[in-house]
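Per chain, numbering begins at 1; letters A, B, ... match sequence-line order.
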Amino acid sequence: MSTPEPKSNFIRQIIDADLESGRHDRVVTRFPPEPNGYLHIGHAKSICLNFGLARDYRGTCHLRMDDTNPETEDEEYIEAIKHDVAWLGFQWGDKLFHASDFFEEMYAFAEDLIRDGKAYVDHLTAEEIGAYRGTVREPARPSPYRDRSVDENLALFRAMRAGEFPDGHCVLRAKGDLASPNMKLRDPLLYRIRKASHPRTGDTWCIYPMYDYAHPLEDALEHVTHSICTLEFENNRDIYDWVLDNTRVPARPHQYEFARLNVGFTVLSKRKLLQLVNEKHVHGWDDPRMPTIAGMRRRGYTAEAIRSFCDLIGVAKANSFVDIGKLEFCLREDLNRRSPRVMAVLDPIEVELVGWPEGHVESIDAPSYPDDVGLPGTRVVPLGGRVYIDREDFALTPPKKWKRLSPGAAVRLRYGPVIRCDSVEQDATGRVTKLRCSYFQGDAAPRVDGAIHWVPAHAAVRAEVRLYDRLFAVEKPDADPAGRDWLTLLNPESCVVVKDAFVEPAVGDIAPGTHVQFERTGYFFSDPKDTRAGAPVFNRVVTLRDSWARMSAADAPVVEPPVAEAPAPLAAASAPKSTRKTRQQARAEARAADPALAARHAGYVALGLSADDADTLCDAAATADLFDATHALYPQPAAVSRWIVNDVLAAAGEGEVSALPLTAAALAALVRLVDAGTVSNLAGKEVLTELVSKGGDPEAIIERRGLRQVNDADTLQPIVAAVLEAHPDHVARYRAGNAGLLGFFTGAVVRQSGGKANPQQVKALLEAALKA
RNA sequence: UGGGGCGUGGUCCAAUGGCAGGACGCGGGACUUUGGAUCCUUGCGGUGUAGGUUCGAAUCCUACCGCCCCAGCCA
């Protein structure tokens with residue numbers, strides 16, 4: 001199975017544009033995990049994105065271990081990562097890289113940076129560096145070591161490499177921009193001393209590159225074209241570019257950021273996952289409750305389901321919180337097709353079939369798949385005089401709409417006879433211990449609504465069943481509204497072990513790592529590690545959708561959150577009122593301080609402009625000057641202001657309008673032509689686009705490009721007719737009452753006229769034609 | 001607070017000036033020896049707010065509001 005056609009997303013659009021423009025002629029992506037933990041579902045999103053792009057664009061995706069910090073990284077993780085990516089179904093071929101493969105090149109680039117006067121060795125301590133960095137509002141102070149000579153820096157850096165200094169003694173920093181509003185650019189660290197043994201390079205190095213320095217170089221050295229990472233690295237993109245712009249790298253990759261995955265009732269930070277493992281809150285990285293690939297695999301999730309989940313949720317830049325129900329949907333969709341059905345009883349009640357011939361066993365051939373799955377296969381279910389049914393399927397006093405067993409009521413044993421409950425045995429506490437039922441086969445059976453699952457008592461196989469549930473009791477454990485620590489929010493019932501469930505003999509010797517559906521209960525997976533012949537262990541992957549549970553839950557009172565601990569008070573309830581100055585306030589203050597500006601503003605208002613527009617025009621002197629000059633040439637204040645505010649300012653972007661090649665004379669002429677109807681508004685904007693990029697004379701541009709507005713019904717009529725003829729369905733729908741379609745037709749006609757048609761006239765023509 | 005980013009039904013994602021659409025969910029229905037399989041559904045529900053431009057705005061302009069990220073010798 002593969003996705004029909006990949007969903008559009010902003011990264012695909014960028015790639016399409018890059019391929020189109022010739023910026024790149026092939027696509028190279030990479031998945032760059034740091035081997036300091038196991039991969040989780042969030043990584044799966046990134047893996048599917050990067051490898052999926054390579055697959056769809058016939059490019060390549062590299063698997064790269066970002067091993068620049070030997071203190072936290074480990075060979076175990078490297079192997080686990082490779083296993084997980086391969087299991088997810090992606091191949092990297094010979095494109096397996098490690099950041100450490102490039103340590104020598106990175107070092108050489110660093111010496112180049114020093115020789116170019118763009119990096120220096122800093123002897124400030126870690127704390128001092130922090131203090132010198134300033135704050136978001138105040139610029140950094142230069143380190144006293146910032147202006148060392150090239151020779152001294154080179155000697156020092158070589159001494160660092162040679163191991164002449166202890167850890168933390170000094171670092172290599174780039175000479176960035178100390179006043180940059182982006183903190184990341186204030187002399188970022190490039191290298192630090194770490195006398196630690198590296199999983200791959202051993203003790204060859206005692207200096208290691210920082211992420212911000214290593215990552216762009218790795219990308220460039222591997223000729224990656226599109227370097228895709230998560231949103232929190234947006235601020236780092238400036239250094240990424242700085243490094244590439246200031247080193248002589250063989251390629252120029254670009255970084256793009258997308259929103260990382262968030263899901264409820266779990267945590268996805270490596271630090272927290274590691275803590276769960278280290279403090280034994282779970283049984284290792286592959287505990288089936290963990291959101292790790294290894295955990296999900298052991299639980300019974302399939303690679304196909306995880307991949308279709310990643311396709312389903314899409315890729316965008318908005319922070320989002322995905323409902324885990326979507327993963328479960330993908331899982332059920334996949335498991336439904338691949339899991340043979342079998343029956344299991346988790347909490348047995350013995351049922352005696354009254355009158356069943358002693359010792360008689362009937363062999364029932366039960367299909368392994370329902371009809372719609374369309375797979376062949378049966379298994380034999382032997383039926384004797386005693387069976388087990390699930391306690392859940394019997395009610396002493398049945399609620400309304402109960403379709404299962406209850407005293408005096410009848411139900412079908414799935415694939416078998418209908419039984420009617422004649423008597424109930426209970427112990428001293430009232431607990432039901434045994435049911436006696438009469439049974440009816442073939443045509444003698446009464447019509448019943450329900451069918452329940454069962455296991456033959458004489459042939460039942462004892463099994464251990466592990467009922468997994470969400471790891472945490474609350475949706476957002478690491479952002480608890482009540483302020484509770486995330487570790488106190490673990491779900492105490494995340495793993496309920498049923499030691500003596502009964503399963504059909506057909507799965508008594510099930511192979512480890514096999515999917516089955518326990519009918520009416522859920523999808524299960526024979527545990528790959530603990531299953532033994534004759535002693536199966538099943539993990540519940542996911543329950544079946546359950547409309548009865550939903551129905552009864554709707555009736556039941558709302559269940560309180562399971563963690564009853566007293567919530568911590570919300571600190572700082574009386575948060576300081578925002579003292580932030582808005583743009584409007586800033587301008588008002590500027591006017592208060594500058595009478596000339598205030599007079600200008602007042603003048604504009606007197607001209608009939610709105611206070612807002614006057615405010616905008618007065619934001620920069622150049623803007624106001626342009627308005628004045630244009631207005632002098634064409635005294636229509638509202639029109640001139642509209643064009644400046646809506647279009648000229650937008651074209652200028654962050655810059656001043658005076659930087660544009662547009663003159664007041666040209667603007668005045670353009671506005672006059674639009675007002676006169678010589679060109680349509682739309683075409684006028686086209687003219688303006690040319691004016692702000694190249695300058696020129698509006699009239700000449702209109703003539704050259706043939707933009708003069710067409711009002712002539714005889715010219716327009718054939719286009720109208722052609723458009724209507726080309727879209728008979730739309731015409732029918734319009735006539736059936738879908739008036740919104742008029743815009744669709746108008747757009748089509750205007751477009752076909754090359755933007756020259758007078759839209760009002762087109763509309764009138766269209767309406768007349770459609771009425772006919 | 002300086003800077004960077006993001007706001008489309010309950011959730012996730014499309015629509016790149018021209019019919020606001022898909023999926024999950026919820027509701028309704030069909031069928032049934034899985035109440036839970038399967039199928040149908042023209043059912044529910046949305047462009048953060050306020051102005052403006054335009055024949056036409058989710059999309060362009062202006063202002064406001066809200067959320068996320070950045071001051072590790074982590075990545």
Between B:U34, B:C74, B:C70, which nucleotide gets closest to the side-chain atoms of A:Val136?
B:C70
Between B:G3 and A:Arg237, is there an OP1 or OP2 to side-chain N/O distance shorter than 4.0 Å?
no
When you compare the side chains of A:Glu519 and A:Tyr415, does any donor N or O come within less than 3.5 Å of an acceptor on the partner?
yes
Taking the side chain of A:Asn681 as its heavy atoms from C-beta onward, which of B:U54, B:C19, B:G25 lies nearest to it?
B:U54
Cation over ring, A:Lys763 on A:Phe745, under 6.0 Å and within 45°?
no
OP1, OP2 of B:G52 versus side-chain N and O of A:Ser610: anything below 4.0 Å?
no
Using both distances under 3.5 Å as the test, list the Watson-Crick or G-U wobble partner of B:G35, or none.
none
Return the nearest nucleotide to the side chain of A:Thr746; candidates are B:G35, B:G18, B:C73.
B:G18
Taking atom C1' in both B:G52 and B:A57, compute the distance separating them and give it to the nearest angstrom.
11 Å
Any donor-acceptor pair, under 3.5 Å, between the side chain of A:Asn235 and the base of B:G3, if you only look at N and O atoms?
yes
Any N or O donor-acceptor pair under 3.5 Å from the base of B:G35 to the side chain of A:Arg520?
no
Looking at A:Asn336, I'd like to know whether one of its side-chain N or O atoms comes within less than 4.0 Å of OP1 or OP2 on B:U38.
yes
Considering just the side-chain nitrogens and oxygens of A:Ser320, establish if one lies under 4.0 Å of OP1 or OP2 belonging to B:C13.
yes
A:Phe321 atom CZ is separated from B:C6 atom P, nearest whole Å, by 21 Å
For B:G9 versus B:G46, give the span between their P atoms, rounded off to a whole number of Å.
9 Å
B:A37, OP1 or OP2 - any side-chain N/O from A:Arg337 closer than 4.0 Å?
no
Closest approach to the side chain of A:Ile129, judged atom by atom: which nucleotide of B:C55, B:C73, B:U53 is it?
B:C73
Please report whether the ring centroid of A:Tyr191 lies less than 6.0 Å from that of A:Tyr213.
yes
Expressed in angstrom and rounded to an integer, what is the separation of A:Leu544 atom CG from B:U38 atom P?
8 Å
When the P atoms of B:A50 and B:C65 are compared, how many Å lie between them, rounded to an integer?
15 Å
If each of A:Val171 and A:Glu392 is mapped to the nucleotide of RNA chain B with the nearest heavy atom, which maps nearer the 5' terminus, i.e. the 5' end?
A:Glu392
Whole-Å gap separating P (B:U32) and CZ (A:Arg404)
20 Å
Among B:C61, B:C19, B:A75, which nucleotide has an atom closest to any side-chain atom of A:Asn646?
B:C61
Does a nitrogen or oxygen in the side chain of A:Arg192 sit under 4.0 Å from OP1 or OP2 of B:C74?
yes
So does A:Thr68 get a side-chain nitrogen or oxygen closer than 4.0 Å to the phosphate oxygens (OP1/OP2) of B:A75?
yes
Pair of N/O donor and acceptor under 3.5 Å linking B:U33 base with A:Arg412 side chain
yes
Given the structure, check if the side chain of A:Lys685 and the base of B:U54 hold any donor-acceptor pair shorter than 3.5 Å.
no
Checking contacts here: which listed nucleotide (B:G5, B:C12, B:G2) is nearest the side-chain heavy atoms of A:Pro181?
B:G2
Closest to side chain of A:Arg733, choosing from B:G4, B:C74, B:C19:
B:C19
Rounded distance (Å) that lies between atom C1' of B:U33 and atom CH2 of A:Trp454
12 Å
Atom-pair distance (CD on A:Glu328; P on B:U11), nearest Å:
18 Å
What integer distance in Å separates A:Met183:CE from B:A71:C1'?
3 Å
Considering only the P atoms, how many Å lie between B:U38 and B:U34, rounded to the nearest integer?
12 Å
Do A:Arg173 and A:Ser143 get their side chains close enough for a donor-acceptor pair, meaning under 3.5 Å?
no
Phosphate contact (B:A37 OP1 or OP2) by A:Arg545 side-chain N/O below 4.0 Å
yes
Side-chain heavy-atom pair A:Leu346, A:Asp390 within 4.5 angstrom cut-off:
yes
On RNA chain B, does the nearest nucleotide to A:Phe233 precede the nearest nucleotide to A:Gly450 from the 5' side, or the other way round? Give the residue.
A:Gly450
Tell me the partner of B:U54, counting only Watson-Crick (N1-N3 plus N6-O4 or O6-N4) or G-U wobble (N1-O2 and O6-N3) with both under 3.5 Å; none if nothing fits.
none
is_close_aromatic(A:Tyr604, A:Phe627), centroid dist under 6.0 Å
yes
Below 4.0 angstrom from OP1 or OP2 of B:C73, is there any side-chain N or O of A:Arg133?
yes
What's the CG-P distance between A:Asn262 and B:C12, to the nearest Å?
10 Å
Using a strict threshold of under 4.0 Å (side-chain N to carboxylate O), is an ion pair present between A:Arg587 and A:Asp619?
yes
Rounded to the nearest Å, what distance is computed from the CG atom of residue A:Asn236 to the C1' atom of nucleotide B:G3?
13 Å
Provide the Watson-Crick or G-U wobble partner of B:C67, both distances under 3.5 Å; none if there is no partner.
B:G5
Compute whether any side-chain donor of one residue and acceptor of the other, for A:Asn182 and A:Asn235, lie under 3.5 angstrom apart.
no
Determine which nucleotide pairs with B:A23, using a 3.5 Å limit on both distances of a Watson-Crick or G-U wobble pair.
B:U11
Shortest side-chain distance from A:Gln517, nucleotide among B:U34, B:G22, B:U62:
B:U34
From the options B:C55, B:C12, B:U33, select the nucleotide whose nearest atom is closest to the side chain of A:Val322.
B:C12
Nearest to side-chain heavy atoms of A:Arg194, which nucleotide of B:C70, B:C13, B:C73
B:C73
A:Ser308 and A:Cys330 have their tightest heavy-atom pair at OG-CB, 3.7 Å
